[in-house]
Amino acid sequence: VMSTLVGLARDRGLLGLDDPVSDHLPAGWTNAAAAEEQAITIRHLLTMSSGLNEATLTVKAAPGTVWEYNTDAYQKLRRVVEAAAGSDINTLSGEWLFGPIGIDSPQAWAPRPGAFATMDAVGDKAWALELTAREMARFGLLAQRNGLWAGQQLTDPGWFAEAWTGSSRKRDYGYLWWLLGEGHFRRQGVPTDLVAALGARDQKIYVLPSMQLVLVRQGETARSAALAESDFDTALIAALRDARA
């Protein structure tokens, strides 16, 4: 969802993906030196290639050279979009995205609660998005339809194709989307166009345009989880393979 909001901000001329993050956020959004901070772009955050150390937010690699999943780095995108648009994330989400596709959740974004509340190395709280399963499915359907909803083109027609394109650093990762059909699941016969939003605690949205399929998972974390994947993904991939046989 955050990836899509960045795309919608670009559509409105509020930012560019190759803008330095520091064009939108004040100095000190990392613990890197000023010149190092200036070298990190919005695209780097979208593609998990900022080069930042998640624990310290100092530089461990040149931006764009290494893929490494970094929650604290990509969380800065909320602040970037808010700064570029001059509004808060819930208002922007409602006006640009949720309202048009029928999601009525005015406080969907909030700092992570209770035991899941965390703060990064420069003092920014981690935020989360809370939607119902049907609301998640609505977003999945928008993605499956390339941003078209009820006859209205909400995103650039090519946005999801762009967001679902991997890089030389990580062929199975796009703009915060996992490209499951381009990764190790491909050897198991999964369709190459299977993509997924794999969220914290195993909350997931899968989109498979070639089968006109959107599937949502909510509930407790699956038994075996590593990074964003879990044994639920393995079971789903097997079921999809059997369904296509």
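Please read all numbers here as calculations on a predicted model, not as lab measurements.
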- request: Say whether W67 and T47, considering side chains only, have a donor N or O and an acceptor N or O under 3.5 Å apart.
  value: no
query: In Å, rounded to the nearest 0.5 Å, how long is the span from CG of L131 to CZ of F139?
result: 9.5 Å
field: Side-chain H-bond candidate by donor/acceptor type, D193 with S210, under 3.5 Å
entry: yes
message: Treating R217 as the side-chain partner and D202 as the backbone partner, does any N or O pair qualify as donor plus acceptor under 3.5 Å?
response: yes
query: For residues R43 and Y175, is any side-chain donor paired with an opposing acceptor at under 3.5 Å?
result: yes
message: Please tell me whether T58 and N31 have a donor and an acceptor in their side chains that are separated by less than 3.5 angstrom.
response: no
Partner of R79 under salt bridge (Lys or Arg N to Asp or Glu O under 4.0 Å), chosen from D72, D120, D124: D124
- request: With sequence neighbours excluded, tell me which residues meet ring pair (Phe, Tyr, Trp, His ring centres under 6.0 Å) with W164.
  value: F160, W177
query: With distance as the sole criterion, is a donor-acceptor pair present between the side chains of N90 and S93 under 3.5 Å?
result: no
message: Do the side chains of D156 and R10 get close enough for a salt bridge, i.e. N-O under 4.0 angstrom?
response: no
field: Face-on cation placement of R78 at W127 ring, 6.0 Å and 45° thresholds
entry: yes
- request: Can you measure from CG (L77) to CD (E82) and round to the nearest 0.5 angstrom?
  value: 11.5 Å
